[in-house]
Protein chains: 2
Amino acid sequence: MTSRLEALCMEKGLKMTGQRRVISQVLSEADDHPDVEEVHRRAAQIDPRISIATVYRTMRLLEDAQVIERVDLGDGRARYEEATADHHHHLIDTRTGRIIEFASPELEAMKERIARELGYKIVGHRLEIYGVPLDEAGEDGRDEEERS
Amino acid sequence: MTSRLEALCMEKGLKMTGQRRVISQVLSEADDHPDVEEVHRRAAQIDPRISIATVYRTMRLLEDAQVIERVDLGDGRARYEEATADHHHHLIDTRTGRIIEFASPELEAMKERIARELGYKIVGHRLEIYGVPLDEAGEDGRDEEERS
DNA sequence: TCTGGGATTGCGAACGGTTTTCAGTATGAT
DNA sequence: ATCATACTGAAAACCGTTCGCAATCCCAGA
């Protein structure tokens, strides 16, 4: 059965090898933001002879083909998600690492405006919010707040 | 004479060595966002026997002491700026690498609101805009400001 | 002013994530 | 099936950053 990403790859004329098929499947089924190691782990469960180097290469290939998107969450390794048409951003739960996606047209508009006022045309942007759940924010041992 | 950052360091009770003095001076005089290698280059011009390891160590020290702030511009290396009270963000000129700082209270408010709606309290955030100068970007000349 | 000992430094080695090299393998067009 | 070519695995190279260690420096105390 061809996964969504596999279909996309064939559409783009990429040679479909066994490992690319497996990685495409893994990525199609992922609903989170796995890093390369995690993709490799999941791929290896389907076919243990896939090497980490191939995963790296395939991720780059898919990124270049704009099938997936690299997400830099500031933790030193690249994470990935399926490419989407609409721009969105990430809120990272610093307690659990959970990543929540959100989009805000107003925010987009405001960014455009700010860039224009500075004399620039936006070619890319990224916003990350780090936060803690409201209902847990005030409870346990008051760690002092730090605004950065 | 003692640089601004050097004074800050002494205030915080850090032992002031020759290298820390030099690095503090370099950082006090910088009005850009140098990476460690660049700080080392500038420091070495004042005192050539400062090692890159010491620069790395000192940057971390100053960061921990909240004298400077690390800025991750997504280019794989850490950049730094003096710590400021007000939160600001960066617009990166993808043609030249120039970094323009900007702040927007409305943007801050909007982020707070978005986080709250998602049930979160913000503990940190970061926004980067990548852009090209309007007057070099092609037509769509909406706002033509000299911005070299 | 001199001293002692903990903090700091320089060097190179180690590190973690990522890319590359290279020889062997698999793919898809024929 | 065949063959040129693209792809793969394993290991080495890379790059920014950190660490281990012996030598050195800073500065509180004498």
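Chain identifiers are assigned alphabetically (A, B, ...) following the order of the sequence lines, protein sequences preceding nucleic acid strands; residue numbering begins at 1 within each chain.
Two residues, B/Glu37 and A/Thr54, neighbour DNA chain D, and the one matched to the more 5' nucleotide by heavy-atom proximity is A/Thr54.
For residues 8-24 of chain B, every residue pair satisfying the side-chain hydrogen bond (donor to acceptor under 3.5 Å, both in side chains) rule, not counting sequence neighbours, is listed here: B/Glu6-B/Arg21.
On the nucleic acid side, DNA chain D contacts chain B at distances under 4.0 Å to non-hydrogen atoms, with the end points of that region at D/dG16 to D/dC27.
Across the protein-nucleic acid pair, B/Leu61 atom CG and C/dT9 atom C1' stand 13 Å apart, rounded to whole Å. Rounded to whole angstrom, the span from the CE atom of B/Met10 across to the C1' atom of C/dA7 amounts to 16 Å. Note: CD1 (A/Ile52) to P (C/dT19) measures 11 Å, nearest angstrom. The separation between A/His40 atom NE2 and C/dG16 atom P is 18 Å, rounded to whole Å. Look at CD1 on B/Ile50: it is 9 Å from P on C/dT9, rounded to the nearest Å. In this structure, A/Asp72 places its CG atom 12 Å from C1' of C/dG17, rounding to the nearest Å.
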Going by atom type alone, with no hydrogens or angles, which donor-acceptor pairs under 3.5 Å involve a side-chain atom of residues 32-39 of chain A and a protein atom two or more places apart or on another chain?
unit_1	atom_1	unit_2	atom_2	d
A/Asp32	OD1	A/Arg42	NH1	3.3
A/Asp32	OD2	A/Arg42	NH2	2.7
A/His33	NE2	A/Glu81	OE1	2.8
A/His33	NE2	A/His90	NE2	3.3
A/His33	NE2	A/Glu101	OE2	2.8
A/Asp35	OD1	A/Glu37	N	3.3
A/Asp35	OD1	A/Glu38	N	2.8
A/Asp35	OD2	A/Arg77	NH1	3.2
A/Glu38	OE1	A/Arg41	NH1	2.2
A/Glu38	OE2	A/Arg42	NE	2.8
A/Glu38	OE2	A/Arg42	NH2	3.4

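The pair B/Asp93-B/Arg95 does not meet the salt-bridge criterion, since no charged nitrogen lies less than 4.0 angstrom from a carboxylate oxygen.
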Practice task
Start with the C-alpha distance between A/Ile129 and A/Phe102, add both sets of side-chain angles, then the distance that settles side-chain contact (heavy atoms from CB on, under 4.5 Å), and finish with yes or no.
Solution key: CA-CA 10 Å; A/Ile129 296 179; A/Phe102 66 89; 3.8 Å; yes

Practice task
Sugar-phosphate means primed atoms, P, OP1 and OP2; the rest is base. With that split, encode nucleotides 21-30 of chain C 5' to 3' as B, S or - using protein heavy atoms under 4.0 Å.
Solution key: B-----BS--

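Applying the side-chain hydrogen bond (donor to acceptor under 3.5 Å, both in side chains) test to A/Arg98 and every residue at least two apart in sequence or in another chain returns nothing.
Residues B/Lys111 and A/Leu127 have side chains in contact (heavy-atom distance under 4.5 Å, counting atoms from C-beta outward). Residues B/Glu112 and B/His125 have side chains not in contact (no heavy-atom distance under 4.5 Å, counting atoms from C-beta outward). Side-chain contact between B/Cys9 and B/Met16 is present, with heavy atoms from C-beta onward closer than 4.5 Å. Between A/Arg70 and A/Met59 there is no side-chain heavy-atom pair separated by less than 4.5 Å. Proximity of A/Met110 to A/Glu106: side-chain heavy atoms (C-beta onward) are nowhere separated by under 4.5 Å.
Not one N or O on the side chain of A/His40 forms a donor-acceptor pair closer than 3.5 Å with the backbone of A/Thr54.
In the helix from C/dT1-D/dA30 to C/dT30-D/dA1, the terminal helix axes, each the rotation mapping four pairs' C1' atoms onto the next four within five end pairs, subtend 30°, rounded to 10°.
Contact between the side-chain N/O atoms of B/Ser51 and the OP1/OP2 oxygens of C/dC11 is not found at any separation under 4.0 Å.
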